[in-house]
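These numbers come from a predicted model, not from an experiment. Counting starts at 1 for both ligands and their atoms, following the listed order. For this chain, numbers begin at 1 and follow the sequence in order.
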Amino acid sequence: MGVGNTFEELEKSVMQDMRKTYSDKAIDHFLNPRNLGQIESPDGFGRVTGPCGDTIEIYLRVNGGKITNATFQTDGCGPSIVSGSMATELIKGKTIVEAQNISKDDILDALGGLPKESQHCSLLAANTVKEAVRDYLALSHEPWKRLYKIR
Ligand code: FES
């Protein structure tokens with residue numbers, strides 16, 4: 001058996017294991033995370049560290065009260081990548097109020113669920129969205145803070 005075959009077999013077996021635990025949608029967002037990265041001088045920014053010690057950051061671009069772009073970064077687990085990816089997909093095109101109301105369950109539903117032990121990763125993503133919206137609202141009330149805000 002060649003090395004190529006061994007690698008392909010290993011990959012196949014890893015994917016088979018993943019499919020036992022995660023939905024196709026979650027696997028797709030893990031393999032191809034959407035909206036990964038930062039937005040320069042964002043209109044709203046949230047950084048939240050969960051009790052697990054992992055952090056998600058969310059960056060917002062807002063125009064006319066609507067989220068025209070949203071990106072995320074995380075140093076966390078696979079489900080945190082998947083949750084950040086789906087959370088940013090869900091809030092793009094939404095109003096600030098709609099985004100503020102995105103819940104852990106909205107993210108989980110859109111992902112086709114996550115194992116019980118990983119559901120707190122979606123809560124972390126939802127809380128980070130709320131923090132980014134809070135930051136946007138605070139900065140829109142006191143825009144001069146933008147000039148010296150430390151990210
Ligand atoms: Fe920390 Fe998933 S275990 S965000």
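Under the 3.5 Å distance criterion, the side-chain polar atoms of S85 are left unmatched by any main-chain donor or acceptor of I81. For D135 (side chain) and F45 (main-chain N/O), a donor-acceptor pair under 3.5 Å exists by modelled atom type. Without hydrogens or angle criteria, D106 side chain to S103 main chain gives a donor-acceptor distance under 3.5 Å.
Side-chain contact between I67 and I96 is present, with at least one heavy-atom pair separated by less than 4.5 Å.
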With salt bridge (charged side-chain N to carboxylate O under 4.0 Å, His left out) as the criterion, how do D28 and K25 come out once you've worked through the C-alpha distance, each side chain's angles and the decisive distance to 0.1 Å? CA-CA 5 Å; D28 180 39; K25 188 66 97 25; over 6 Å; no
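Every residue was checked against the side-chain hydrogen bond (donor to acceptor under 3.5 Å, both in side chains) condition with K104, not counting sequence neighbours, and none meets it.
Using a 4.0 Å heavy-atom criterion, the residues that approach ligand 1 are C52, D54, C77, S80, H120, C121, L124.
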